Amino acid sequence: MVGPSRPQFVLFGSSIVQFSYSDEGWGAVLADIYSRKADIFLRGYAGWNSRRAVQVLDRVFPKDAAAQPSLVIVYLGGNDSMHPSPTGLGPHVPLPEYIENMRKIAIHLKSLSEKTRVIFMGAPPVNEEKIREFTGNKFDKLGRTNEACRQYAEALVEMCREMDVKSINLWTAIQTRDDWLTACFTDGIHLSSEGSKIVVREILTVLKEAEWEPNLHWKSLPTEFSEDSPYDLVGPDEDEE
């Protein structure tokens, strides 16, 4: 560790998280916005589902760690929502098990400390035609559909409401753009810079409106060595606040 200590934000999940520093991704944008304010830790694992994530909770988020994160943003659900394989293998997780896994993750994260805050993000929509352009038809039987993503996303939002956990419905948020099908993805699944802008906007909105003490919105956090910073008031565009 290096000092001075800052709040720690952890991004945890599957490829939407792992790739969030590529192509002006949402993780990179958050790291930029929170420079001199918080440290962003990336724990993204492409191909993972909620079942695999539950298996490593104690290793990624040990309860006896010397310092606990101030914020954990969790994205899981897209892989879970894929069609089941006839062999029983593959990333698919039935919806009831997915929700139970996410419940376990929420309980674990909330137990880390009284000050650890949690935001869950569910499956975004997909461009099914673009996925086929990239993969052909070899994944049709195990493919993603926009309808399955909707079901998993809405079920997660409902679970978060019951548990008093902040959530972001990416399935709905991304489709607020008229051109979302062509603008928001690199391959029909993973987010382009335009898609990532929506994710950042939604995260900052939650952080701004949350009645948390301390507030974790970038404007509310002190700037490290602010007496030496000519850019203390610089932040994202107004529409990203």
Side-chain angles (χ1 to χ4, degrees), residues 10-20 25-27 42-61 72-110 118-128 130-132 134-135 138-163 165-175 184-191 195-196 198-199 202-203:
V10 182
L11 315 181
F12 179 58
S14 55
S15 57
I16 295 289
V17 175
Q18 179 175 329
F19 303 153
S20 68
W26 60 277
L42 191 65
R43 294 296 183 269
Y45 307 93
W48 278 26
N49 55 23
S50 63
R51 185 183 296 155
R52 184 71 177 102
V54 167
Q55 293 171 353
V56 301
L57 273 179
D58 288 322
R59 296 168 64 185
V60 179
F61 300 101
V72 182
I73 300 175
V74 180
Y75 165 77
L76 290 161
N79 293 326
D80 299 68
S81 73
M82 292 177 69
H83 294 158
S85 167
T87 66
L89 303 175
H92 172 74
V93 173
L95 183 55
E97 181 188 346
Y98 166 69
I99 291 302
E100 184 57 29
N101 290 339
M102 298 303 282
R103 192 184 308 276
K104 291 176 182 177
I105 293 171
I107 291 171
H108 182 90
L109 295 177
K110 292 173 73 173
V118 181
I119 300 175
F120 274 11
M121 301 194 301
V126 294
N127 182 333
E128 296 175 31
K130 196 165 188 177
I131 293 172
R132 292 190 187 95
F134 274 78
T135 65
K138 62 181 179 180
F139 292 126
D140 280 358
K141 291 183 179 180
L142 299 177
R144 299 171 192 255
T145 66
N146 213 24
E147 174 59 19
C149 290
R150 179 192 66 80
Q151 293 174 11
Y152 279 64
E154 291 181 353
L156 180 65
V157 169
E158 180 59 30
M159 185 213 78
C160 288
R161 186 179 296 114
E162 294 172 0
M163 296 187 68
V165 172
K166 301 295 184 183
S167 68
I168 295 171
N169 189 336
L170 292 181
W171 193 87
T172 299
I174 287 177
Q175 292 185 83
C184 292
F185 307 102
T186 59
D187 56 4
I189 297 172
H190 300 103
L191 300 174
S196 282
I198 297 173
V199 177
E202 295 297 313
I203 290 172

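In this chain, numbering begins with 1 at the start of the sequence shown. None of these values were measured; they are calculated from a predicted model.
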Nearest heavy-atom approach of R51 to D80 is N-OD2, 4.4 Å

Looking at V17, V54, I16, I105, which hits side chain to side chain contact (heavy atoms under 4.5 Å, CB included) with L76?
I105

Could you go step by step and tell me if V10 and I73 meet the side chain to side chain contact (heavy atoms under 4.5 Å, CB included) rule?
CA-CA 6 Å; V10 182; I73 300 175; over 6 Å; no

F61 and V56, any side-chain heavy atoms less than 4.5 Å apart
no

Of all heavy-atom pairs between A155 and L95, which one has the smallest distance, and what is that distance?
CB-CD1, 3.8 Å

Rounding to 0.5 Å, atoms OG (S196) and NE2 (H190) come to a distance of 11.5 Å

Strictly distance-based, threshold 3.5 Å: is any side-chain N or O of E202 a donor or acceptor partner for the main-chain N or O of I168?
no

Considering all heavy atoms, the nearest A123-G78 contact:
CB-N, 3.9 Å

Hey, does the side chain of K166 reach the backbone of F120 with a donor-acceptor pair shorter than 3.5 angstrom?
no

Separation between CH2 of W48 and OG of S14, rounded to the nearest 0.5 Å
10.0 Å

Would you mind reporting whether P124 and W171 have side-chain heavy atoms less than 4.5 Å apart?
no

Determine, step by step, whether I131 and D187 satisfy the side chain to side chain contact (heavy atoms under 4.5 Å, CB included) criterion, reporting the C-alpha distance in whole Å, the side-chain angles of both residues, the deciding distance to 0.1 Å, and the verdict.
CA-CA 6 Å; I131 293 172; D187 56 4; over 6 Å; no

Give a yes or no answer on whether the side chain of E128 reaches the backbone of N146 with a donor-acceptor pair at less than 3.5 Å.
yes

Do V165 and I119 come within less than 4.5 Å of each other through their side chains, counting heavy atoms only?
no

Scanning both residues in full, the closest heavy-atom pair of G27 with L11 reads CA-CD1, 3.8 Å

First locate atom CD of Q175, then atom OG1 of T172, and finally report the distance between them rounded to the nearest 0.5 Å.
7.0 Å

With heavy-atom distances below 4.5 Å as the criterion, would you say the side chains of H83 and H92 are in contact?
no

If you apply the rule side chain to side chain donor-acceptor pair (under 3.5 Å), what do you find for R144 with N79, and how did you get there?
CA-CA 8 Å; R144 299 171 192 255; N79 293 326; 2.4 Å; yes

Can you check whether P125 reaches C149 side chain to side chain, under 4.5 Å on heavy atoms?
no

How far does OG of S167 sit from CD of E154, to the nearest 0.5 angstrom?
11.5 Å

Check for me whether the distance between the ring centres of F12 and Y75 falls short of 6.0 Å.
no

Donor-acceptor check, side chain of T145 to backbone of A148, threshold 3.5 angstrom: yes or no?
yes

L156 side chain near M102 side chain, heavy-atom distance below 4.5 Å:
yes

To the nearest 0.5 Å, tell me how far N49 CG sits from N101 CG.
8.0 Å

Are the side chains of M121 and W26 in touch, meaning some heavy atoms are under 4.5 Å apart?
yes

Spatial distance of atom CD (E162) from atom CE (M159) [nearest 0.5 Å]
8.0 Å

The side chain to side chain donor-acceptor pair (under 3.5 Å) partners of E100 (sequence neighbours excluded) come to none

Considering non-hydrogen atoms only, spot the tightest contact between Y152 and V93 and give its length.
OH-O, 2.6 Å

Report yes if the side chains of K130 and T186 come closer than 4.5 Å at any heavy-atom pair, otherwise no.
no

